[in-house]
**Student:** 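Handing you a structure now.
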Amino acid sequence: MGCALAYQLAKRNVDVVLLERETLGSQSTGRCAGGVRQQFSMEANVRLQRLSVRLFEEFEQETGHPPDFRQIGYLFVLTLPQHVEDFRHNMEMWHRVGLADARWVDADEASRMVPVLNVEDVLGCTFCPSDGVASPADVTSGYASAARRHGARLREGVEVVGVDVAGGRVQGVRTSAGEIATRLLFNCAGAWSSSIGRLAGLEIPVLPYRRHVAVTGSFPAVPRGNPMTVDFQSSLYFHPEGDGVLIGMSDRAEPPGYVTDVNWEFLEKMFATAAGRAPALASAGVKTAWAGLYETTPDHQAILGPVPELEGFWCASGFSGHGFMQAPAAALLLAQLLLDRRSEIDISPFAFTRFAKGSLVSERNVI
Ligand SMILES: Cc1cc2nc3c(=O)[nH]c(=O)nc-3n(C[C@H](O)[C@H](O)[C@H](O)COP(=O)(O)OP(=O)(O)OC[C@H]3O[C@@H](n4cnc5c(N)ncnc54)[C@H](O)[C@@H]3O)c2cc1C
């Protein structure tokens with residue numbers, strides 16, 4: 001998010017300093033599954049994601065760096081009547097907002113699209129062929145180098161340790177490498193966004209949740225064109241990764257925390273679930289596995305834009321597990337809101353003020 005925003009702002013001649021306490025992309029972004037989809041339950045997320053997909057498609061032209069965006073589609077596999085009902089409403093909304101290529105797929109067609117899929121209990125699926133996967137490393141370095149070309153200074157190994165506030169507004173940040181005066185701060189600290197908020201006396205409601213991913217060795221039964229497949233009830237998902245398969249699932253019972261060690265007991269559960277939904281995966285050997293953090297808000301929606309309590313403090317965080325795919329659109333729209341006072345897509349549904357109003361409507365397509 002920080003690199004995408006640094007690029008969009010520097011491109012419009014804003015003097016940008018990005019501060020990263022580790023290395024660029026070393027946290028959630030570098031550990032994410034690379035999924036890019038438009039099939040959300042909230043209209044605002046669908047609109048945002050339609051723009052993001054366009055930006056992924058134009059990424060190489062824009063930044064000079066290929067994002068390895070492969071539009072293999074996302075297949076949501078539904079096994080509960082209430083989920084089918086919910087996705088029927090989603091489908092109507094998707095078509096209304098212009099996501100014309102999303103469609104229903106029955107169990108037979110699903111098993112032709114994903115030959116390893118067990119469709120015994122499948123009631124229906126939704127499929128959107130323009131969804132897909134991209135490379136987090138390539139997208140991050142593409143934005144970072146394009147931002148540098150436009151004059152942004154990206155500083156790694158520098159931690160923000162304080163925010164100077166006076167007269168009701170941001171005056172600067174204190175870092176492990178000295179002070180920087182600024183009247184505008186974007187909080188892009190992912191799972192650590194609440195800590196940056198606290199430095200400025202603000203309560204930013206973002207909690208860290210550990211999420212796991214495993215990658216198998218070579219696995220020809222899931223070919224390169226196999227769609228990203230999501231078993232919606234269990235949250236299990238898999239997609240081709242190199243010549244193997246990337247498999248992920250959420251441990252919905254785990255409380256928030258910053259631990260990112262791999263919990264091998266949970267991985268066994270994940271593989272047992274995978275073997276139920278795609279029996280061939282039971283024979284797959286794990287090549288590598290890791291965990292990273294989701295940065296979750298109470299309604300599973302991002303926080304984008306100014307925090308009215310403190311002038312000059314803006315958020316680009318709280319993506320709740322969708323930040324890789326949302327960052328391209330979020331960055332462009334935030335730059336527009338800042339510099340033009342309006343953005344081409346309304347991002348008010350993501351405003352920080354919604355928490356005080358108590359009018360939260362949750363995104364339901366969360367995996
Ligand atoms: C296993 C897993 C799978 C996922 N799959 C997907 C997916 O398929 N698609 C998708 O869109 N999203 C996915 N996500 C979510 C996605 O990774 C995040 O939403 C996204 O990477 C958030 O980007 P970010 O830039 O906000 O956060 P980050 O990439 O975490 O960047 C925040 C940076 O802030 C730095 N930082 C924190 N505190 C300070 C400080 N005080 N001073 C300086 N720097 C600081 C951190 O070091 C970090 O590098 C997944 C996440 C996980 C863990």
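Order of appearance sets the numbers: ligands from 1, and atoms from 1 within every ligand.
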**Student:** So, 4.0 Å and heavy atoms of W290: is ligand 1 close enough to count as a contact?
**Tutor:**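 W290: no contact with ligand 1 (<4.0 Å).
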**Student:** Would you say Q326 and N45 are linked by a side-chain donor-acceptor pair, where the criterion is simply a distance under 3.5 Å?
**Tutor:**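 Yes.
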**Student:** Below 4.0 Å, non-hydrogen atoms only: which portion of W192 touches ligand 1? Side chain, backbone, both or neither.
**Tutor:**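 It is the side chain that gets close, since no backbone atom is under 4.0 Å.
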**Student:** I'd like to know if the side chain of Q39 pairs up with that of T126 as donor and acceptor (distance under 3.5 Å, no hydrogens or angles considered).
**Tutor:**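 The answer is yes; a qualifying pair exists.
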**Student:** Which one holds for Y209 and ligand 1: side chain close, backbone close, both close, or neither close, with close meaning a heavy atom under 4.0 Å?
**Tutor:**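 Under 4.0 Å from ligand 1, Y209 contributes no heavy atoms.
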**Student:** Look at atom 45 (C) of ligand 1 and say which protein heavy atom is nearest, naming residue and atom and giving the distance to 0.1 Å.
**Tutor:**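 Looking only at protein heavy atoms, the one closest to atom 45 (C) of ligand 1 is R21 CG, 3.8 Å.
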**Student:** Is it the case that S41 and E363 place a side-chain donor and acceptor less than 3.5 Å from each other?
**Tutor:**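 Side-chain D/A pair, S41 to E363: present.
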**Student:** Regarding atom 46 (C) of ligand 1: of the candidates E20, R210, E22, which has the closest heavy atom?
**Tutor:**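 Among E20, R210, E22, the closest heavy atom to atom 46 (C) of ligand 1 comes from E20.
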**Student:** Please classify the S195 to ligand 1 contact at 4.0 Å (heavy-atom distances, strictly less than): side chain, backbone, both or neither.
**Tutor:**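 Contact part for S195 vs ligand 1: neither.
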**Student:** Is E159 touching ligand 1 with its side chain, its backbone, both, or neither, if touching means heavy atoms under 4.0 Å apart?
**Tutor:**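 The part of E159 near ligand 1 is both the backbone and the side chain.
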**Student:** Any side-chain donor paired with an acceptor under 3.5 Å for T175 and E159?
**Tutor:**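 No.
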**Student:** When you check the side-chain N and O atoms of Y7 and E62, is any donor under 3.5 Å from an acceptor?
**Tutor:**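 Short answer, yes.
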**Student:** Given that the side chain starts at C-beta and the backbone is N, CA, C, O, which of these parts of L19 lies under 4.0 Å from ligand 1, counting heavy atoms, or is it both or neither?
**Tutor:**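 Under 4.0 Å from ligand 1, L19 contributes backbone atoms alone.
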**Student:** Please write down residue, atom name and distance for the protein heavy atom closest to atom 2 (C) of ligand 1.
**Tutor:**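 Ranking protein heavy atoms by distance from atom 2 (C) of ligand 1, first comes R31 O, 3.6 Å.
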**Student:** Short question: side chain of S52, backbone of M325 - any donor-acceptor pair under 3.5 Å?
**Tutor:**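 Yes, because the side chain of S52 sits within donor-acceptor range (under 3.5 Å) of the backbone of M325.
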**Student:** Assess the pair F266 and H212: is the distance between their ring centroids shorter than 6.0 Å?
**Tutor:**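 Between F266 and H212, the centre distance is under 6.0 Å.
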**Student:** Answer side chain, backbone, both or neither: which part of Q326 comes under 4.0 Å from ligand 1, heavy atoms only.
**Tutor:**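 Contact part for Q326 vs ligand 1: neither.
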**Student:** Which ligand 1 atoms does R211 reach within 4.0 Å, using its non-hydrogen atoms?
**Tutor:**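 Under 4.0 Å from R211, ligand 1 has these atoms: 1 (C).
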**Student:** When you compare the side chains of Q71 and E57, does any donor N or O come within less than 3.5 Å of an acceptor on the partner?
**Tutor:**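 Per modelled atom types, Q71 and E57 side chains form a pair under 3.5 Å.
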**Student:** Using a 4.0 Å cut-off to any heavy atom of Y237, which atoms of ligand 1 qualify?
**Tutor:**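 The atoms of ligand 1 under 4.0 Å from a heavy atom of Y237 are 3 (C).
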**Student:** Looking at D261 and R210, does any basic side-chain N land under 4.0 Å from a carboxylate oxygen?
**Tutor:**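 Answer for the salt bridge query: no.
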**Student:** Counting only heavy atoms, which portion of L293 has something under 4.0 Å from ligand 1: side chain, backbone, both, or neither?
**Tutor:**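 For L293, the contact with ligand 1 is made by the backbone alone.
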**Student:** Does ligand 1 have any atom sitting under 4.0 Å from a heavy atom of G321?
**Tutor:**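 Flag set, G321 near ligand 1.
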**Student:** Counting from 1, what ligand 1 atoms have a heavy atom of A33 closer than 4.0 Å?
**Tutor:**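 Contacts of ligand 1 toward A33, numbered from 1: 3 (C), 4 (C), 5 (N), 6 (C), 8 (O).
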**Student:** Please give me the minimum heavy-atom distance between E60 and P66, naming the atom from each residue.
**Tutor:**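 Closest heavy-atom pair between E60 and P66: OE1-CB, 3.8 Å.
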**Student:** Just distances here: any N/O of T23 and N/O of ligand 1 closer than 3.5 Å?
**Tutor:**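 In fact, backbone or side chain, T23 has no N or O that close.
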**Student:** Under a 4.0 Å heavy-atom limit, does V158 contact ligand 1 with its side chain, its backbone, both, or neither?
**Tutor:**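 V158 to ligand 1: backbone contact only, side chain stays beyond 4.0 Å.
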**Student:** Is the closest heavy-atom distance from T175 to ligand 1 below 4.0 Å?
**Tutor:**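 Flag not set, T175 not near ligand 1.
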**Student:** Could you tell me if any non-hydrogen atom of S317 lies under 4.0 Å from any atom of ligand 1?
**Tutor:**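 It does not; every heavy atom stays at 4.0 Å or beyond.
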**Student:** Mind listing the closest non-hydrogen atom pair of F219 and T216 along with its distance?
**Tutor:**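 So the two residues come closest at CB-OG1, 3.9 Å.
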**Student:** Is it the case that ligand 1 has an N or O less than 3.5 angstrom from some N or O of T29?
**Tutor:**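 By distance alone, the answer is yes.
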**Student:** For E43, is there an ion pair with R47 - N to carboxylate O distance below 4.0 angstrom?
**Tutor:**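 Yes, charged N to carboxylate O under 4.0 Å.
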